[in-house]
Structures are given as C-alpha cells and as structure tokens.
Amino acid sequence: MNIMLFHSVYGLRPAVQEAAGRLRAAGHEVHVPDLYEGRTVETVEEGRDVKDEIGKDELLKRAILAAAPYSERGLVYAGFSLGASIAQTLALGDDKARGLLLLHGTSDMAENTAVDELPVQLHVADPDPFESGDWLNSWYLQMRRAGADVEIYRYQGAGHLYTDLQLPDYDEAAAEQTWRTALGFLDDLAAEA
C-alpha cells in the first residue's frame, strides 16, 4: 500500500520514523512529511504552541501539498494524534483514498461528508484525555453515516500516545497489539487492490 503518515503534535520524532520503518518492512511504500519543517518538541504544550503558531489552515495546506504527488495512485492516510486528525480530513476529501489508519486521534467532520465504504481503523487509549468515550461514540456514528467502514480498538490503561517508546505514555503490550492489528488491516487493503 501507498501510505501517507502524519506526525503528532510533537513533530517528526524518531517514533514516527520507526513506525514508517515498520510499515516499510511489511512491504508498504510510506511517505512521512514534516509539517513542522524540522521542529520537534518535548511536551504537548510546546507542540500546541507550534501548531497554533503555524495555524490549522497552513498545516492542512502543507499536508495536502505533501500528499498531492501520490494521491492519484490511491493513498492510505495515517497519522498519530494531531496527524490522525489531519489524515482523517484528507482521506474524507480524497475520493481515491484507499483507507484511513488513525492512531490516538480523530477529528470532527462536516455533516454532508460522504465516502464510499472507506475502510477506517482507529486505535485509541481507553480512557483517553483527548478522545472521550462520548466523543468516540458520536464520531463512530458520524463516520458510519458518511459511509465509512469503521473499526475501533481501545486499549485500557494505555496513555494517549502509547506507541511512542520515548514518551511516558508508552505501553509495550498495547503498542505491539496495535501494530499487529494495523498491519493486518493494511494487508487486507493490499489484497483488495
């Protein structure tokens, strides 16, 4: 599969490159744009400051420009937390999108959004301070109404960015289960291609 993988609010940290390496080792082509243009941060608060400084519209513009050269071939959009939000926005606006892999995050969506059975897989901590149970239930229903084929995997006791080995949120068991499930999802998409 051809995958566009977006980083979290922390920037393009080693964990994102490691994830891309894992996906490449499984036979996928992976593109990892740096939406912060070289900046990384150590805390969520610093990341929010960088995100706010750049601005939501500029981040989306950078993401669209990064995806544009590959979108004709049909991308699987993927991302971590903030990057998942960006991936969701792009996937729902791309009629050639092959799938959507969300790690640690979702985004709101326009009421008139419609997709044709877009495969979507979400992996999220339970509970998650940024993705409440009520929000996820509402999000799931909105995605289903839009026509997406959605799977949600919740990991009890894991921290928000539990796949990032360098963060206190890291949970090895949850991270490994996430990657096994996500790679199966991508294998299924490849088989359907």
Side-chain angles (χ1 to χ4, degrees), residues 3-24 30-67 76-92 100-109 120-140 152-183:
I3 301 168
M4 182 64 56
L5 180 64
F6 295 106
H7 61 73
S8 75
V9 74
Y10 287 88
L12 188 53
R13 293 166 44 86
V16 180
Q17 297 291 7
E18 290 164 11
R22 185 184 293 245
L23 295 169
R24 288 182 184 116
V30 185
H31 313 281
V32 188
D34 185 351
L35 303 181
Y36 283 6
E37 298 179 333
R39 295 167 72 179
T40 59
V41 299
E42 297 299 318
T43 68
V44 171
E45 294 76 22
E46 291 172 355
R48 286 184 181 151
D49 289 344
V50 172
K51 176 188 72 133
D52 292 344
E53 176 188 320
I54 295 169
K56 182 179 178 180
D57 291 343
E58 178 62 22
L59 283 173
L60 282 175
K61 177 182 170 187
R62 291 177 185 182
I64 290 166
L65 289 173
V76 173
Y77 292 91
F80 297 93
S81 193
L82 168 67
S85 173
I86 291 168
Q88 178 184 312
T89 299
L90 268 60
L92 295 180
L100 176 58
L101 176 60
L102 303 172
L103 302 162
H104 321 295
T106 62
S107 182
D108 53 358
M109 53 193 281
V120 178
Q121 192 174 87
L122 167 64
H123 297 268
V124 65
D126 183 19
D128 187 302
F130 304 106
E131 303 285 328
S132 73
D134 288 345
W135 165 259
L136 288 174
N137 291 336
S138 174
W139 175 85
Y140 174 83
I152 299 178
Y153 294 87
R154 298 180 189 200
Y155 300 86
Q156 290 190 341
H160 175 65
L161 275 168
Y162 64 82
T163 59
D164 189 327
L165 180 64
Q166 297 176 323
L167 294 176
D169 289 348
Y170 181 67
D171 182 310
E172 182 179 9
E176 289 306 313
Q177 182 59 49
T178 293
W179 286 116
R180 277 192 299 275
T181 306
L183 288 170

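If you're wondering where the values come from, they're calculated on a predicted model, not measured in any experiment. As a basis for the values below, the full set of heavy atoms in this structure was taken, side chains included, without hydrogen atoms, waters or symmetry mates.
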For [X], does the [atom1] atom have more than 12 heavy-atom neighbours from other residues, nucleotides or ligands under 6.0 Å away?
X	atom1	value
E172	CD	no
D52	CG	yes
E42	CD	no

Distance in Å, [X] [atom1] paired with [Y] [atom2], rounded so as to fall on 0.5 Å steps:
X	Y	atom1	atom2	result
L60	I86	CG	CD1	6.0 Å
Y10	R39	OH	CZ	16.0 Å
Q156	D171	CD	CG	11.5 Å
Y36	E53	OH	CD	10.0 Å
Q177	Y162	CD	OH	9.0 Å
I64	R62	CD1	CZ	13.0 Å

Quick check: closest heavy atoms across [X] and [Y], and the distance to 0.1 Å?
X	Y	value
L5	P33	O-CD, 3.4 Å
F130	R48	CE2-NH2, 2.7 Å
Y155	T181	OH-OG1, 4.4 Å
A91	L100	CB-CD1, 3.9 Å
E131	T106	OE1-OG1, 2.6 Å
G11	V16	O-CG2, 4.3 Å

Q) Which ring-ring contact (aromatic ring centres under 6.0 Å, His included) pairs, counting each pair once, include a residue from residues 42-63, with sequence neighbours left out? A)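 Non-adjacent pairs meeting ring-ring contact (aromatic ring centres under 6.0 Å, His included): zero.
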
Distance-only, no hydrogens or angles: does the [X] side chain make a donor-acceptor pair with backbone N or O of [Y] under 3.5 Å?
X	Y	value
D169	G159	no
R13	T40	no
H7	L35	yes
T178	A174	yes

Check: [Y] and [X] side chains under 4.5 Å, non-hydrogen atoms:
X	Y	result
Q166	P14	yes
L122	L136	yes
L23	L183	yes

Report, one line per pair, each donor and acceptor closer than 3.5 Å where one atom sits in a side chain of residues 76-85; sequence neighbours left out.
residue	atom	partner	partner atom	Å
Y77	OH	D94	OD2	2.6
S81	OG	H160	NE2	2.7
S85	OG	S107	OG	3.3

For I54, which of E58, K56, K51 qualifies under side chain to side chain contact (heavy atoms under 4.5 Å, CB included)?
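Answer to the side chain to side chain contact (heavy atoms under 4.5 Å, CB included) test with I54 among E58, K56, K51: E58.
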
Please name all residues satisfying side chain to side chain contact (heavy atoms under 4.5 Å, CB included) with A182, sequence neighbours left out, ordered by chain then number.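 So A182 forms a side chain to side chain contact (heavy atoms under 4.5 Å, CB included) with L101, Q121, H123, W179.
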
